[in-house]
Amino acid sequence: MTDVPLPYEPILRHVGAVADRLGLEAYAVGGAVRDALLGRATTDLDFVSIGSGSGIALAKAVAKDTGVRTAYIYENFGTAAVRLPAKQAEGEPLVLEFVGARTESYRTDSRKPIVEEGTLDDDQRRRDFTVNALAVALNADRFGELIDPFGGLADLAAGRLRTPLDPAETFEDDPLRMLRAARFAAQLGFSIDEAALDAMRVQAERIGIVSQERITEELQKIMASPRPSEGWRILFETGLLLHLVPELADLAGVDNVGGHQHKDNFYHTLGVLTNLVDAQRAAGLADDEGRAEDRMLWLRWAALLHDIAKPDTKRFLPGTGWTFHGHEDRGARRHVPSLFRRLKLPLGEPLTYVRELVRLHHRPVALVDDDVTDSAVRRLLFEAGDRVDDLMLLVRADITSKNERRKRRYLAGFDRVEAKMREVEEKDHLRAFQPPVDGHEIMEALGVGEGIAVGILKTWIREAILDGELPNEHDPAFAYMLAHKDEALRRAALFDTMMQRLQGPERAATGAIKETLFTGDIPADHDAAVALLMDVKNDALAARESANV
């Protein structure tokens, strides 16, 4: 018998007692046993019982004994779960998952496993890694006995991920296990056995039969782990990344023209991610081991994707070298939304957050000069809003140069930028900017309803504040609105004139016309103004037609 320091021992003894009453063999298995031996916390306990239907029967009996309902029952798979509230689980809610011992395999082209009744040995064989194949007996006459048929204890001590069976067979049965290898390496700091790595390289393409939801769950766990860069490195070096996020794999490699070469943007990205995790830990934004959740998790996604459009924008200019102009805008506008949709990541605030940080991640770099203007700082504060502190964490992490002098120069520049931000913010209060004169007040002053005149004035007031022409205060902004209302109304009338003239497909030019009326110089003469806007329409339609050719 091996002395395993079992977590939640009263609960485990209770499950064992219920199993005894039902005449079943029951075992704690998998991650809970592994984490108990590593001294890691767990919020899930997995149980295996022997016999057809025994997992569901044991779950129902435990639920009845504890006075809670069985949360989920999956008859086809013989599994069930019980959720214990905090008061019954030593202060934290706890999920108990039950399954009857089984074998599980996949057809070559199927995402759904074939499940059959099995023995404890069968159940341990189907586990992904030896460290997850450990089981502890729960019946009273054997309570605490460790069953380790595949050397999981030795692998645990060595920090090694090794499959119970031949890795080719293990990954053939469930290709998701290849992602789990990368995830456990990132979570636990373990190395992957060479035979398993070789099998992952051979079977990488097979990951395509796994549902996107299961894949993304593993990717999220990698991102939340203490060492996410290690997980992504493994995915890249085994070839899995080509089948998961090929845009990231495309960042790898170095081009050389006449002795001029750029950095490897994939490994640079991993360096940024590592720097960010270290910064989060130092700032108390991740736990002591580096695990992150909520907003800090999405900041890691922003770090991973910040250079995603560099392959699209890579150019070599004689006399200048390699450039990636516009990669931040293209990444935010095109790649980030596309990846979020394909990976089935949340399309609400997380997507908006990541897009904005990717879009803005070069802006602070342009502000490191000593003569940076208040206006430039105001605009960054306005655009970043409450995300500005996270943005500065990201841009600091983006400094991966091995040249310590250069690194210190950039970081000192960011110190100056942040000092300037504090100074401007204290004066202008732009972090959560709200217009000092709102739309309703403008409509009342102009005697109009919602429309383009209101939008023009709100934009002009905002720009005047950002340029330092106006204080961010109501009375000066209201006076500014009154001074410019006639011009706004004139431009709104021009917009109405143009909308009456545009026919059918010509309305595709509406955005260009509106932008010109908001920001352009418009002749005072009505006919000249209309002629200018007609030229804008024609240019916009020609550009649209050219882009569609």
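Counting from 1, the numbers follow the sequence of the chain as shown. Heavy atoms only: backbone and side chains are in, while hydrogens, waters and symmetry mates are out. Note that this is a predicted model, so its numbers are computed, not measured.
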Practice task
Please say which of Asp121, Asp123, Asp122 ends up in a side-chain hydrogen bond (donor to acceptor under 3.5 Å, both in side chains) with Thr119.
Solution key: Asp122
Exercise for the section: Could you tell me whether Glu237 atom CD has more than 12 heavy atoms of other residues or ligands within 6.0 Å of it? Expected result: yes
Practice task
Could you tell me whether the side chain of His361 and the main chain of Val358 form a donor-acceptor pair under 3.5 Å?
Solution key: yes
Problem - Side-chain heavy atoms of Ile222 within contact of Trp232, under 4.5 Å - result: yes
Practice task
Check the pair Ile234 / Met200 against side-chain contact (heavy atoms from CB on, under 4.5 Å), numbers first and verdict last.
Solution key: CA-CA 10 Å; Ile234 291 166; Met200 290 166 70; 4.0 Å; yes
Exercise for the section: Check whether any side-chain heavy atom of Arg300 lies under 4.5 Å from a side-chain heavy atom of Val277, and answer yes or no. Expected result: yes
Practice task
Look up atom CG in Asp390 and atom CG in Leu360, then write down how far apart they are to the nearest 0.5 Å.
Solution key: 12.0 Å
Exercise for the section: Report yes if some heavy atom in the side chain of Arg333 is under 4.5 Å from a heavy atom in the side chain of Arg359; otherwise report no. Expected result: no
Practice task
May I ask you to check if Arg13 and Phe143 form a cation-pi contact, with NZ or CZ under 6.0 angstrom from the six-membered ring centre and within 45° of the axis?
Solution key: yes
Exercise for the section: List the steps and the verdict of side-chain contact (heavy atoms from CB on, under 4.5 Å) for Val62 and Phe47. Expected result: CA-CA 12 Å; Val62 169; Phe47 302 96; over 6 Å; no
Exercise for the section: Answer yes or no: does atom CZ of Arg342 have more than 12 heavy-atom neighbours from other residues, nucleotides or ligands under 6.0 Å? Expected result: yes
Practice task
For residues Met296 and Leu276, determine if any side-chain heavy atom of one lies less than 4.5 Å from a side-chain heavy atom of the other.
Solution key: no
Problem - Pair Arg422 + Glu418, salt bridge at N-O below 4.0 Å - result: no
Handout entry: Closest heavy-atom pair and its distance - Pro364, Leu380
Key = CG-CD2, 4.0 Å
Problem - Reported CZ-to-CD distance for the pair Arg295 and Gln280, which is rounded to 0.5 angstrom - result: 9.0 Å
Exercise for the section: State, yes or no, whether a side-chain contact exists between Phe150 and Gln124 at a heavy-atom distance under 4.5 Å. Expected result: yes
Problem - Check: Thr216 side chain, Leu343 main-chain N or O, donor-acceptor pair, under 3.5 Å - result: yes
Practice task
Check the angle between the aromatic planes of Trp298 and Phe340 and answer parallel, tilted or perpendicular using the 30° and 60° thresholds.
Solution key: tilted
Exercise for the section: Could you tell me whether the side chain of Asp35 and the main chain of Arg40 form a donor-acceptor pair under 3.5 Å? Expected result: no
Practice task
Start with the C-alpha distance between Lys263 and Asp307, add both sets of side-chain angles, then the distance that settles salt bridge (charged side-chain N to carboxylate O under 4.0 Å, His left out), and finish with yes or no.
Solution key: CA-CA 12 Å; Lys263 61 193 171 189; Asp307 281 346; 5.7 Å; no
Completion exercise
Heavy-atom closest pair (Asn139 atom, Ala19 atom, distance to 0.1 Å) is ND2-CB, 4.0 Å
Exercise for the section: Answer yes or no: is there a donor N or O on one side and an acceptor on the other, between the side chain of Ser49 and the main chain of Gly55, under 3.5 Å? Expected result: yes
Exercise for the section: Report, as yes or no, whether the 6.0 Å neighbourhood of atom NZ on Lys407 holds more than 12 heavy atoms from other residues, nucleotides or ligands. Expected result: yes
Exercise for the section: Could you tell me whether Glu349 and Arg387 make a salt bridge, using a distance below 4.0 angstrom between a side-chain N and a carboxylate O? Expected result: yes
Exercise for the section: For side-chain contact (heavy atoms from CB on, under 4.5 Å), just list the numbers for Leu176 and Asp128, CA-CA rounded to whole Å, side-chain angles, deciding distance to a tenth of an Å, and then say yes or no. Expected result: CA-CA 9 Å; Leu176 188 72; Asp128 47 13; over 6 Å; no
Handout entry: Over all atoms of both residues, closest heavy-atom pair of Leu24 and Ile50
Key = CD2-O, 3.9 Å
Handout entry: Short side-chain to backbone donor-acceptor contact, Arg206 and Glu172, under 3.5 Å
Key = yes
Fill in the blank from the handout: One should read off an interatomic distance between Ile192 CD1 and Thr238 OG1, to the nearest 0.5 angstrom, of 7.5 Å
Problem - Pairwise distance CZ(Arg406) to CG(Leu411) - rounded to 0.5 angstrom - result: 12.0 Å
Problem - Exam field: side chain Arg177 to backbone Thr170, donor-acceptor pair closer than 3.5 Å - result: yes
Completion exercise
In terms of heavy-atom contacts, Asp44 and Ala32 come closest through O-CB, 3.8 Å
Handout entry: Worked verdict on Glu230 versus Arg233 for salt bridge (charged side-chain N to carboxylate O under 4.0 Å, His left out)
Key = CA-CA 5 Å; Glu230 178 65 5; Arg233 180 192 67 79; 2.6 Å; yes
Handout entry: salt_bridge(Asp415, Arg408) N-O dist < 4.0 Å
Key = no
Problem - Student check: side-chain heavy atoms of Asp193 and Thr163 closer than 4.5 Å - result: no
Exercise for the section: Mind checking the CG-CG spacing from Leu156 to Leu38? Nearest 0.5 Å is all I need. Expected result: 4.5 Å
Exercise for the section: May I ask you to check whether over 12 heavy atoms, not counting those of Tyr267, lie within 6.0 Å of atom OH? Expected result: yes
Exercise for the section: Could you check if a side-chain atom of Arg355 sits within less than 4.5 angstrom of a side-chain atom of Pro337, using non-hydrogen atoms only? Expected result: yes
Exercise for the section: Let me see the working for Val210 and Glu218 under side-chain contact (heavy atoms from CB on, under 4.5 Å), right down to the final yes or no. Expected result: CA-CA 12 Å; Val210 180; Glu218 292 299 323; over 6 Å; no
Completion exercise
On a heavy-atom basis, the closest approach of Thr79 and Ile56 is O-CG1, 3.8 Å
Fill in the blank from the handout: For Leu94 and Thr42, the nearest pair of non-hydrogen atoms, with its separation, is CD1-O, 4.4 Å
Practice task
Please state whether the rings of Phe324 and His262 are parallel, tilted or perpendicular, taking 30° and 60° as the class boundaries.
Solution key: perpendicular
Exercise for the section: Enter the distance from Tyr27:OH to Glu145:CD here, rounded to the nearest 0.5 Å. Expected result: 7.5 Å
Problem - Heavy-atom side-chain contact between Thr66 and His14 under 4.5 Å - result: yes
Handout entry: Check: Leu153 main-chain N/O paired with Asp148 side-chain donor or acceptor under 3.5 Å
Key = yes
Exercise for the section: Go through the side-chain N and O atoms of His327 and Asp312 and say whether any donor and acceptor fall under 3.5 Å apart. Expected result: no
Problem - CD/Gln261: more than 12 non-hydrogen atoms of other groups inside 6.0 Å - result: yes
Problem - Lys/Arg N to Asp/Glu carboxylate O, Arg21 vs Asp65, below 4.0 Å - result: yes
